[in-house]
Amino acid sequence: MAKAAVRRRQSRTGPYSHRPSRTTQLFRKPPVAEISKRFPATVPIEPGTWSSRVAAEQAVTIRALIAQWREETKFTSSVEDIIFHPAYQRVMAKGKAALNCIFQDLEQNGGFWFWALQNITEQDPVLPEHCIKAAKEAWLAWGREHQYL
Amino acid sequence: MGTGTPIPLDTPEARLIIKSVFPGLGDDFTISSKCDEDYNCVAWGFNNSHQYWWPGPKGSGCYWPPGIPPNEKLETFILLFEDQFVERSASREREEGFDKVAIYAANGKSKHVARLWLEDPTWMSKLGPKQDIHHHSLEALEGRYYGSVAQIMKRKRRTRGGPAFTFSS
């Protein structure tokens with residue numbers, strides 16, 4: 001028993017103890033860049049599958065949140081009040097899954113989607129001199145180019 | 001397209017939606033424009049209907065004059081209008097020779113702007129990205145949306161009977 005304990009202690013403090021164990025290597029968390037390479041953002045969803053049902057349910061939730069946001073900010077001028085509305089933040093938190101719904105809503109109804117789009121896509125096609133209308137067109141062009149519309 | 005009968009603006013449906021949010025208006029208002037998200041109440045206060053004046057983040061498409069701090073504080077909005085309107089006013093009533101602007105605020109943050117031009121019969125408000133309305137009292141829009149009137153600004157009309165002044169952006 002005593003010998004086994006000494007061997008265990010030696011293995012912990014031995015010359016190779018600085019190396020990650022085989023278990024750690026297998027279950028290590030891969031860096032974000034590696035994840036996005038292995039799992040691209042747009043994975044085709046087969047119709048009639050469990051994934052398609054989940055996606056459809058999520059779209060219903062997102063559209064309900066968008067409707068709530070529109071209803072509760074319809075007469076608001078304050079950009080801060082608009083983009084920090086809880087329903088808007090929840091849509092934004094859905095990430096890339098929300099992009100189709102956001103682009104459809106932007107195309108049909110306009111609105112301050114620039115903040116969510118910037119944060120989700122990490123892109124900004126809007127130029128400093130753009131007005132609201134030009135900013136909307138810039139994002140719609142980006143959405144079409146990346147097949148969200 | 002474009003040459004047919006104009007779409008009626010002041011419809012019962014549109015009035016109902018506005019009244020549901022601003023019950024203080026009652027029936028004492030008229031709708032004078034269609035919904036247009038290209039400009040807002042602050043721009044309309046400067047007689048501008050092609051820009052959205054608000055301190056928005058980069059990429060928002062909003063316009064905010066250089067030199068004015070980019071925040072929504074009431075003091076900042078007063079500063080913005082002081083550039084043009086020169087003086088603060090204590091009176092909400094029409095004054096001969098003066099254009100007026102009312103700034104609404106809640107918890108120290110600006111929420112809305114209404115204007116009273118010499119040639120306008122009543123106060124005018126652009127309701128966010130929605131319609132322009134004419135309303136008789138400033139109190140009619142006070143409430144959870146816009147808070148209450150925090151400051152009135154006035155500016156002497158330079159040429160009597162001339163056009164309303166415009167802000168050069």
Side-chain angles (χ1 to χ4, degrees), chain A residues 66-89 91-92 99 102-143 146, chain B residues 14 17-22 25 35-45 48-64 66 70-74 77 103-107 109-114 125-133 141 143-147 169:
Chain A
I66 291 174
Q68 183 195 348
W69 169 67
R70 287 210 168 273
E71 176 60 24
E72 292 176 9
T73 61
K74 60 189 170 195
F75 294 121
T76 307
S77 263
S78 163
V79 178
E80 200 174 300
D81 289 355
I82 292 170
I83 65 178
F84 288 105
H85 187 278
Y88 186 99
Q89 290 293 313
V91 172
M92 211 164 87
L99 283 177
I102 291 176
F103 277 112
Q104 281 166 15
D105 189 70
L106 179 68
E107 189 176 38
Q108 289 163 17
N109 308 309
F112 281 92
W113 282 119
F114 72 93
W115 183 251
L117 291 171
Q118 276 178 19
N119 281 286
I120 295 171
T121 65
E122 296 180 0
Q123 301 291 321
D124 187 6
V126 180
L127 301 175
E129 63 270 22
H130 276 170
C131 64
I132 298 275
K133 197 182 281 178
K136 175 184 164 181
E137 289 307 320
W139 270 115
L140 288 177
W142 190 95
H146 292 81
Chain B
I17 293 169
I18 294 171
K19 272 160 57 174
S20 69
V21 176
F22 304 106
L25 281 169
C35 298
D36 189 345
E37 64 171 5
D38 290 343
Y39 70 104
N40 66 339
C41 57
V42 182
W44 196 227
N48 177 333
S49 58
H50 62 274
Q51 282 175 316
Y52 197 103
W53 285 51
W54 204 269
K58 184 180 164 290
S60 64
C62 296
Y63 173 77
W64 195 243
N71 63 57
E72 299 186 351
K73 287 178 185 171
L74 174 62
F77 275 56
I103 305 173
Y104 289 73
N107 303 319
K109 283 173 67 180
S110 310
K111 298 288 180 185
H112 178 63
V113 168
S125 280
K126 172 78 165 66
L127 304 175
K130 300 291 184 185
Q131 302 97 331
D132 301 336
I133 62 164
L141 290 184
R144 74 175 173 90
Y145 242 89
Y146 294 151
S169 59

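Heavy atoms only: backbone and side chains are in, while hydrogens, waters and symmetry mates are out. Naming: A, B, ... by sequence-line order, numbering from 1 per chain.
Within residues 67-77 of chain A, the residues having any heavy atom under 4.5 Å from a heavy atom of chain B are, by residue number, A/E71, A/E72, A/T73, A/K74, A/F75, A/T76, A/S77.
Looking at A/L117, there are no atoms closer than 4.5 Å to chain B (heavy atoms on both sides), in backbone or side chain. With a 4.5 angstrom heavy-atom cutoff, B/E37 touches chain A via backbone and side-chain atoms both. Only the side chain of A/I82 comes within less than 4.5 Å of a heavy atom in chain B; its backbone stays farther off. Looking at B/F22, only its side chain comes within 4.5 Å of chain A, counting heavy atoms on both sides. Heavy atoms closer than 4.5 Å to chain B are found in the side chain of A/Q118, but not in its backbone.
Remark: B/K111 is not positioned above the aromatic ring of B/Y145, lacking an NZ or CZ atom under 6.0 angstrom from the ring centre and at most 45 degrees off the axis.
Looking at residues two or more places apart in sequence or on another chain, you find no side chain to side chain donor-acceptor pair (under 3.5 Å) involving A/W139. Considering only residues two or more places apart in sequence or on other chains, B/D132 meets the salt bridge (charged side-chain N to carboxylate O under 4.0 Å, His left out) condition with none of them.
Contacts with chain A were tallied for B/S110, B/P129, B/C41; B/P129 has the most, counting heavy-atom pairs under 4.5 Å. Listed options B/C35, B/G59, B/C62 were ranked by heavy-atom pairs under 4.5 angstrom with chain A; first place goes to B/G59. Contacts with chain A were tallied for B/K130, B/H112, B/Q131; B/K130 has the most, counting heavy-atom pairs under 4.5 Å.
Within the 3.5 Å criterion, the main-chain N or O of B/W53 finds a donor-acceptor partner in the side chain of B/N40.
Aromatic ring centres of B/W44 and B/Y52: separated by at least 6.0 Å.
Rounded to the nearest 0.5 Å, atoms CH2 (A/W115) and OH (A/Y88) are 8.5 Å apart.
Smallest separation of non-hydrogen atoms from B/Q51 and B/N48: OE1-ND2, 2.8 Å. Across A/A116 and A/I102, no two heavy atoms sit closer than the pair CB-CD1, 4.2 Å.
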Working for side chain to side chain donor-acceptor pair (under 3.5 Å), residues A/E80 and B/W54: CA-CA 9 Å; A/E80 200 174 300; B/W54 204 269; over 6 Å; no
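Within the structure, the salt bridge (Lys or Arg N to Asp or Glu O under 4.0 Å) test picks out the following pairs touching residues 123-140 of chain A (sequence neighbours left out): A/D124-B/K58, A/K133-B/D38.
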